[in-house]
There are 2 protein chains.
Amino acid sequence: MSRETTSPALQAAEKLCDERGERLTPIRRRVLELVHEADGPVKAYDLLETLKPGPGSAKPPTVYRALEFLLGLGLVHKVEALNAYVGCSHSHSCGGAELFICSDCGSVQECHGAPVSTQTPDGFIIERSVVEHFGHCGNCRT
Amino acid sequence: MSRETTSPALQAAEKLCDERGERLTPIRRRVLELVHEADGPVKAYDLLETLKPGPGSAKPPTVYRALEFLLGLGLVHKVEALNAYVGCSHSHSCGGAELFICSDCGSVQECHGAPVSTQTPDGFIIERSVVEHFGHCGNCRT
DNA sequence: TTCTCGGGTGTAATATTATAACGTCGCAGT
DNA sequence: ACTGCGACGTTATAATATTACACCCGAGAA
C-alpha cells in the first residue's frame, strides 16, 4: 500500500502545494510520508516518536502544526473517534470523507460523495461533516 | 428544554434501567441530569466541576464511569469531534444517532434512521457509525 | 448470623492528546 | 540594510482519559 521511493501521494501533495502557493517543507513532507506509510490510523505522538531519532528535536507542536497544515489541504484526515490521522487516499484535495475503519485489521477505506442525511433538521446548513463507520472489512470476515 | 423537577429523560432512564436490571445510582442520575440540563455538548471536566461543590469528592473516574454507563444505555451520546457529551433527546434507548451541531449557538439536534452511506466498500459490515454535522441551525441564520 | 462475592464508588497516580506563548531564523520585498 | 512574515524550536501547561487498587455495601449462600 506504500513503497515507492516517491509515492503518488507525495507527488500529488507537491502539485497541490504548488497550485495553492503553499510550502511542503521537509517536516510536512515527512509527516505526510509517515501517515501514508502506516497501515492504519496514526496517533500524533507515535509520529512524534518516529520523528525524533535524535533527542532535542520534534516536540508536540511540530507534529500538530504539520498535521494541521495537511488537514487543511485535505491530504490527511482525522479520525475523530480515535484521535488519529490517516492519509487521504485520493490524489486530489478533498473535502470531508466518509471513512470505513476495520476494527480487526485497522485498515481504513475512504468514500466520497454526499453520504448525507436522510433528513436534515429544518433550516440547518451543514458546513462540515464527520462520518466514520466502524466494523469489519471484507478481508477480515473469514 | 429542561426544567421539570423530574424530567422525561429521567423517567425514561428509570424505566430503561428497570428493564435491563441496571442501577441508576445517584451519581449516574446526577450526571444524566447535568447533561440534559446543559444547552449544548458538555465536557467531562465541566461535569466534574459541577459535581464537586465540596472538595474531596468527584475525581475523573467518577464522571467517566457514569458517562460510560449512560452511553452504554444510549441515554447520552458522545460528540467525538468535540470530546463532549449530549443527552439523547429520545425517550427510548437508541443506537447511534446522527447529530447536527450548530457552531453558533451550540445546540444539538438528533436524527435517527439509517443515514448511511451512498456506497459501502465491498464486504464491509458496519457495526457502529459516528455521524456529526457541523453548521448553522435554522435559528442562527439571521 | 456470618461469609463471601460482586458491583459501584473513592482515591491517587499517571497516560494521552493538544495548545499557548514566545523566541529565533531565513527569506522575499523594499 | 531593514522589515515583515511564515515556519520552526522550545518550554510549559492545559485538557482529556485511564489504570490500579482500596473500600463499602448489599444479595445470596453457608
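Every chain is numbered from 1 and lettered A, B, ... according to where its sequence line falls, protein lines coming before strand lines. As a basis for the values below, the full set of heavy atoms in this structure was taken, side chains included, without hydrogen atoms, waters or symmetry mates.
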What does A:R23 touch in the nucleic acid at a heavy-atom separation under 4.0 angstrom: a base, only the sugar-phosphate, or nothing? sugar-phosphate
Expressed as a whole number of angstroms, how long is the span from [X]:[atom1] to [N]:[atom2]?
| X | N | atom1 | atom2 | answer |
| --- | --- | --- | --- | --- |
| A:L82 | C:dT16 | CG | P | 15 Å |
| A:R65 | D:dA7 | CZ | C1' | 7 Å |
| B:L24 | C:dG8 | CG | P | 11 Å |
| A:L48 | C:dA18 | CG | C1' | 11 Å |

Using the closest heavy atom to pick a nucleotide of DNA chain C for each, name whichever of B:F69 or B:N83 lands nearer the 5' end. B:F69
Using only heavy-atom distances, decide whether a donor-acceptor pair under 3.5 angstrom links the side-chain of A:Y45 to the base of C:dA18. yes
What about A:Y64: does its side chain form a donor-acceptor pair under 3.5 Å with the base of C:dA20? no
Can a donor-acceptor pair be found between the side chains of B:E110 and B:H77 at a distance below 3.5 Å? yes
C:dA18, C:dG8, D:dA17: which one has an atom nearest the side-chain heavy atoms of B:Y85? D:dA17
Salt bridge or not for A:E14 and A:R29, using N-O below 4.0 Å? yes
Determine yes or no for a side-chain-to-main-chain donor-acceptor pair under 3.5 angstrom, with B:H36 supplying the side chain and B:C88 the backbone. yes
